[in-house]
Amino acid sequence: MPELPEVETIRRALEPALVGARIESVALSDPSLAGPGGAGAVADVIGHRVTAVLRRGKHLILLLENSRAIVLHLRMTGALLLQEPEQHSRVRAVLSFSNGQRLLFNDMRRLGTLRVVDDIAALLKQLGPEPLEVEFTAQVLADRLSGRRVPIKAALLDQHIIAGIGNMYADETLFQCRVNPLVPSGELLPAQCQQLRDAIRDVLQRAIENHGASINTYWLPNGGTGSAHRTFQVAHRLGAPCPRCGTPVARVMVRKRGAYFCPKCQPFPQPAVR
DNA sequence: CCCGGAACCTGAAGGC
DNA sequence: TGCCTTCAGGTTCCGG
C-alpha cells in the first residue's frame with residue numbers, strides 16, 4: 001500500500017532515470033487506467049520531454065516541458081517498475097522513453113490511475129499540507145483539526161487535512177505520540193498537537209530512510225523491497241507485545257478501517273469525574 | 001461545512 | 001474438495 005514514504009522512494013528512483021528523456025510511446029493495455037476519454041489526452045504527451053519527477057501527497061507527477069503533466073496514483077496495489085514487461089503479470093500501461101527506459105504500471109486490483117493534466121495547480125491546491133515541509137507546524141496541524149469531531153485516525157487519513165498519510169503510518173504515528181485513534185480530532189490539546197506533528201514527521205522520515213514498507217504489494221522500481229515494515233511497532237502486529245509495555249497490540253475499526261494500537265499506551269481519555 | 005456509508009477492484013483467508 | 005462470504009484500504013461520490 002503505497003503511502004508518502006513509498007511514493008517518495010519511487011520518485012527518487014525514477015528521477016535520475018526519466019528527467020530529460022522524451023516520451024516515445026504510451027501503451028495502455030488497460031484503457032480504464034486513464035479514465036473515460038483518457039486515451040486521447042495520453043496521446044498528446046508523446047514527443048514531450050520530462051522536466052521533473054515530483055511527489056505531492058501520494059501522487060507521483062511526471063512534469064513535462066509544455067507544463068502539462070502525467071499524474072499517477074498507485075492506490076492499493078499499483079507499482080511503477082523500470083523492468084521488462086515479461087516479469088510482471090498485471091501491467092496496465094507501458095511508457096517508453098527516448099533514453100531506452102521503460103516504465104511499467106503494474107496494478108493487480110486496477111484501482112490506480114494515470115491522468116494527463118494541463119496544469120497541476122488544481123491538484124496541488126485540493127490536498128492538505130505536505131507533512132515533511134517546514135511550513136507544517138504544530139499550529140498548522142492544530143488549526144486543521146480544530147472543531148472537527150471525526151476520530152483523529154480518520155483525520156490523519158483525510159488527504160484534504162494532511163497529504164500522504166495512509167493506514168499504516170497513521171497507526172505508527174498515533175502509537176508514537178500515545179494518542180488513541182478514536183479521540184475526536186478537535187479535542188487534542190496544544191501539547192498533543194505538537195507531539196502528533198513531531199511523530200508524523202519522524203515516522204515518515206524514518207520510513208523514507210528505510211525505502212518504504214513492503215507489507216503487501218509495494219516494490220521499488222528496480223524490483224527491490226523496502227524495510228520500513230520491520231520497524232513497525234503496532235501496524236499489522238495484532239496480538240504482538242507492545243514494544244513499550246508488553247501489552248498485546250489490539251485492533252479496532254475506525255470508519256471501516258482497521259486501527260492497530262496499544263490499549264495501555266494509547267488509552268481513550270476517561271471523562272472527567274467531577 | 002461536516003460526517004457516514006457505498007462503490008470501485010481482486011486475491012487471500014475463513015466458514016461450512 | 002469446493003463454493004461462498006468477508007476482508008484488505010485509497011479515493012470519490014452521494015445522501016442526510
Side-chain angles (χ1 to χ4, degrees), chain A residues 1-11 28-38 55-61 71-80 88-93 105-115 117 120 122-128 130-131 143-174 181-188 200 204 207 212-219 228-229 232 234-239 249-261:
Chain A
M1 297 146 255
E3 306 179 24
L4 186 153
E6 288 74 30
V7 180
E8 177 61 21
T9 300
I10 293 167
R11 189 200 71 76
L28 284 176
S29 50
D30 179 0
S32 70
L33 176 67
R55 179 193 58 75
R56 176 80 168 92
K58 302 171 190 173
H59 299 264
L60 192 82
I61 302 166
V71 179
L72 307 161
H73 198 300
L74 302 175
R75 291 284 213 279
M76 301 297 299
T77 58
L80 296 172
H88 305 276
S89 56
R90 298 295 181 146
V91 176
R92 305 180 70 195
F105 196 126
N106 199 65
D107 185 13
M108 190 250 295
R109 282 171 66 180
R110 303 172 59 214
L111 292 168
T113 57
L114 179 155
R115 295 289 139 80
V117 299
I120 57 174
L123 166 73
L124 306 186
K125 209 171 118 184
Q126 70 184 30
L127 291 172
E130 282 293 320
D143 288 346
R144 299 186 80 79
L145 297 178
S146 80
R148 293 181 190 269
R149 287 176 303 174
V150 285
I152 184 61
K153 170 70 186 280
L156 291 178
L157 296 179
D158 186 335
Q159 303 300 297
H160 303 100
I161 298 177
I162 312 172
I165 300 175
N167 213 36
M168 304 182 294
Y169 295 112
D171 286 349
E172 288 298 300
T173 292
L174 292 173
L182 288 166
V183 171
S185 307
E187 291 183 12
L188 291 184
I200 289 169
L204 295 178
S214 292
I215 287 270
N216 269 333
T217 51
Y218 160 72
W219 288 275
H229 54 290
F232 282 177
V234 291
H236 295 272
R237 302 195 66 226
L238 181 63
V249 170
R251 184 171 181 261
V252 291
M253 297 308 282
V254 182
R255 294 280 204 68
K256 304 278 185 182
R257 295 282 151 65
Y260 298 88
F261 73 112

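Computed over heavy atoms, backbone and side chain alike; hydrogens, waters and symmetry mates excluded. Each chain gets a letter, A, B and so on, in the order the sequences are listed, and its residues count up from 1.
Comparing B:dC3, C:dG10, B:dC9 by their closest approach to the side chain of A:R257 singles out C:dG10. In this structure, of B:dG11, C:dT11, C:dG9, it is B:dG11 that holds the atom nearest to the side chain of A:M108. Comparing B:dC3, C:dG9, C:dG10 against the side chain of A:H236 picks out C:dG9 as the nearest. For A:Q159, the listed nucleotide lying nearest its side chain is C:dT11; candidates were C:dA8, B:dC3, C:dT11. When distances are taken from the side chain of A:R251 to each of C:dG10, B:dT10, C:dG9, the shortest belongs to C:dG9. Residue A:H73 places its side chain closer to C:dG10 than to any other of C:dG10, C:dG9, B:dT10.
Side-chain contact annotation: A:Y218 with A:E3, donor-acceptor N/O pair under 3.5 Å absent. Between A:S185 and A:R144, the side chains place no donor N or O within less than 3.5 Å of an acceptor N or O (distance only, hydrogens not considered).
Look at CE on A:M76: it is 15 Å from P on C:dC7, rounded to the nearest Å. The distance from atom OH of A:Y260 to atom P of C:dA8 is 7 Å, rounded to the nearest whole Å. Whole-Å rounding puts the A:L157 CG to C:dG9 P distance at 10 Å. In this structure, the NZ atom of A:K58 is 13 Å from the C1' atom of C:dT12, given to the nearest Å. When the P atom of B:dT10 is taken as reference, atom CG of A:L74 falls 17 Å away, rounded to whole Å. Between the P atom of B:dC8 and the CG atom of A:L33 lies a distance of 18 Å, rounded to the nearest Å. Computed from coordinates, the A:F105 CZ to B:dC9 C1' distance equals 13 Å when rounded to whole Å. In this structure, the CD1 atom of A:I165 is 16 Å from the C1' atom of C:dT11, given to the nearest Å.
At distances below 3.5 Å, not a single donor-acceptor pair connects side-chain atoms of A:D171 with backbone N or O atoms of A:V234.
Contact annotation for A:G147: no contact, since no heavy-atom pair falls under 4.0 Å across all strands. Contacts of A:M168 with the nucleic acid, taken as non-hydrogen atoms under 4.0 Å apart, are absent.
A:I61 is listed as a side-chain neighbour of A:L124, based on a closest heavy-atom distance under 4.5 Å.
With hydrogens and angles left out, the side chain of A:R109 and the base of B:dC9 share a donor-acceptor pair within 3.5 Å.
Nearest-nucleotide assignment on DNA chain B puts the 5′-proximal partner with A:V150, out of A:V150 and A:R90. Summary of the strand contacts: A:Q126 and A:L111 both lie near DNA chain C, and taking for each the nucleotide with the nearest heavy atom, the more 5' one is attributed to A:L111.
Between atom NZ of residue A:K58 and atom CG of residue A:L72 there is a gap of 15.5 Å, rounded to the nearest 0.5 Å.
Phosphate contact (OP1/OP2 of C:dA8, side-chain N/O of A:K256, threshold under 4.0 Å): absent.
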